[in-house]
Amino acid sequence: MAKQLTSRKENYSQWYNDLVVKADLAENSAVRGSMVIKPYGYAIWERMQSVLDGMFKETGHQNAYFPLFIPKSFFSKEASHVEGFAKECAVVTHYRLKNDENGKIIVDEDAKLEEELIVRPTSETIIWDTYRKWIQSYRDLPVLVNQWANVVRWEMRTRLFLRTAEFLWQEGHTAHATKAEAIEEAEKMVGVYATFAEEYMAVPVLQGIKSPNERFAGAVETYCIEALMQDGKALQAGTSHFLGQNFAKAFDVQYVSKENKQEYVWATSWGVSTRLIGALIMSHSDDNGLVLPPKIAPIQVVIVPIFKNSEQLDAISSEVVKIIEQLKSKGITVKFDDRDTHKPGFKFAEWELKGVPVRLAIGPRDLENKTVEVARRDTLEKETLQLIGIADKIEHLLEQIQINIFQKALSYREDHTYSVDNWEEFTKRIEEGGFVRAHWDGTSETEQIIKGKTKATIRVIPVDEIKEEGKCILTGNHSKQRVVFAKAY
RNA sequence: CGGGGUGUGGCGCAGUUGGUAGCGUGCUUGACUGGGGGUCAAGAGGUCGCAAGUUCAAGUCUUGUCACUCCGACCA
């Protein structure tokens with residue numbers, strides 16, 4: 001009973017923390033604000049990486065790697081960019097340690113860097129400084145590059161996966177000859193993120209653009225996907241930016257066009273991070289632990305043998321080997337938990353906590369009857385099935401679970417999305433949590449005031465939606481369309 | 001940066017008016033058990049965050065210090 005989780009109702013954030021730690025995903029480290037991602041948590045990240053990486057390649061991108069350290073001077077080249085990140089940068093000032101007279105290790109003041117180095121909070125500056133050298137002619141365009149990397153943002157308050165000082169992510173950086181092409185790229189990539197979130201993570205997302213307040217530092221337009229968590233708070237799950245010519249001008253990246261004219265290139269950048277793991281957890285999991293969608297689960301099927309002695313285990317194992325063979329041939333990842341150090345009940349609870357979509361239990365009774373007990377994690381239902389054709393049934397079941405998890409999350413979001421037209425109802429709905437669709441007069445000031453009064457921000461301005469005119473929820477001024485407000489992580 | 005809180009076996013905690021440390025869990029060994037987190041027995045494991053001070057005596061009182069954590073302002 002030691003691994004009992006705090007219930008979501010009792011304390012949602014405690015539940016989240018308990019779950020991350022007890023499901024063996026990650027833990028706090030000796031470094032304040034930085035986490036250790038444990039093997040099971042990292043396996044989820046690897047699944048995400050592998051799918052996303054495939055999608056990036058599919059859309060014409062290549063991977064590369066740029067330095068962790070960025071010369072400080074690079075940051076001063078794009079004004080709004082530096083303003084956005086200046087307050088949370090780690091700075092390297094020295095390159096050597098030494099022993100003092102007491103034998104203590106201290107920084108060697110003689111080894112001060114001529115120019116301080118910034119630990120990248122994002123890589124636009126170093127990448128655009130590099131692109132200047134790569135790009136001369138329209139023949140060099142487009143440049144479609146992605147990198148998988150770690151970045152550091154010195155956050156004051158951190159939470160496992162959702163906000164840590166150092167996190168893992170990918171950042172795509174592209175350069176284009178025309179504005180239209182760059183915008184198309186930025187839109188395409190937010191679309192890739194939406195597809196990934198919905199089809200693989202089974203997390204329904206709203207797609208659209210950010211208000212100027214929420215826009216990326218240095219971007220002309222920020223596209224995003226936004227998900228709703230089970231506690232009614234929004235989570236930004238991915239962003240894609242149209243950077244205009246801001247970085248090209250700051251780093252003097254020009255190309256010669258077909259018409260033999262010097263032109264600045266057009267840019268995009270886009271990224272998702274290990275925060276996606278937080279989104280995954282908070283979208284689907286329950287009071288018994290993680291619930292992983294089959295397409296992301298590191299282990300899709302776990303098999304637990306029920307046995308009293310090694311003879312029984314051997315008999316069961318020879319049957320299990322055949323099942324594993326069939327499942328593997330269908331590309332299903334399966335684990336046979338034949339540890340004799342733990343009892344079946346313990347294993348059931350443990351794999352449930354870790355969110356494995358399907359569990360098979362097989363014991364002497366099943367051997368006699370040629371059956372197996374199949375339990376699904378999402379609904380906690382169990383049934384006993386004939387062994388004949390079991391792989392097909394499981395393959396089908398995994399598909400069903402993937403769909404069910406998505407539908408469940410989708411109906412949660414629909415049940416917690418409200419269109420409101422007066423301030424009183426607005427504040428009430430925001431207080432309760434959920435997406436609140438309301439009219440906004442389009443000004444930054446209004447958004448700031450609303451944020452000050454309710455803590456809600458504009459999460460997304462939907463794009464593919466019929467525009468409906470109205471009056472701003474706060475000021476009563478003219479509004480061209482509804483936008484989505486929520487309290488956010 | 002402002003305001004709370006906490007530092008005691010691996011983890012979570014208790015420790016009364018000061019008398020030299022205990023509980024749960026986990027760990028080790030064995031037996032019985034095994035279709036939902038087992039039972040019993042026997043063990044191992046702590047300079048009580050650190051440093052001064054008061055005292056015959058400090059986990060406990062005083063001062064300082066360090067670390068962590070929660071709530072706010074800032075953020076993917």
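Residue numbers begin at 1 in each chain, while the letters A, B, ... track the order of the sequences. This structure is a prediction, so every number in the text was calculated from the model and none was measured.
Applying the side-chain hydrogen bond (donor to acceptor under 3.5 Å, both in side chains) test to A:Gln300 and every residue at least two apart in sequence or in another chain returns A:Thr333. With sequence neighbours excluded, the residues that form a side chain to side chain contact (heavy atoms under 4.5 Å, CB included) with A:Leu380 are A:Asn288, A:Glu352, A:Arg377.
Comparing A:Val31 and A:Lys451 along RNA chain B, the residue whose closest nucleotide (by nearest heavy atom) sits nearer the 5' end is A:Val31.
Judged by distance alone, with hydrogens and angles left aside, A:Lys382 brings a side-chain donor or acceptor within reach of the base of B:rG36, the pair sitting under 3.5 Å. The base of B:rG36 is paired with the side chain of A:Glu352 by a donor and an acceptor separated by under 3.5 Å.
For the contact set between residues 294-305 of chain A and RNA chain B, defined by any heavy atom under 4.0 Å, there are no members. Within residues 190-207 of chain A, no residue approaches RNA chain B, by heavy-atom distance under 4.0 Å. For residues 307-314 of chain A, proximity to RNA chain B is found at A:Phe307, A:Lys308, defined as any non-hydrogen atom under 4.0 angstrom from a strand atom.
Between A:Arg153 and B:rC74 there is no side-chain polar atom (N or O) within less than 4.0 angstrom of OP1 or OP2.
Judged by the 6.0 Å distance and 45° axis criteria, A:Arg120 is not positioned over the aromatic ring of A:Phe69. Figure legend: cation-pi geometry between A:Lys354 and A:Tyr40, with NZ or CZ positioned under 6.0 Å from the six-membered ring centre and within 45° of its axis.
Taking the six-membered ring for Trp and thresholds of 30 and 60 degrees, A:Phe75 and A:His81 have nearly parallel ring planes, at less than 30 degrees apart.
If you check every strand for non-hydrogen atoms under 4.0 Å, A:Leu235 touches nothing. Within 4.0 Å of A:Lys210, counting heavy atoms only, lies no atom of the nucleic acid at all.
Among the nucleotides B:rG35, B:rA76, B:rC74, the one closest to any side-chain atom of A:Arg365 is B:rG35.
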Can you give the dot-bracket line for RNA chain B, where a pair is Watson-Crick or G-U wobble with both atom distances under 3.5 Å, crossing pairs use [ ], and | marks a partner on another strand? (((((((..((((.....[..)))).((((((.....)))))).....(((((..]....))))))))))))....

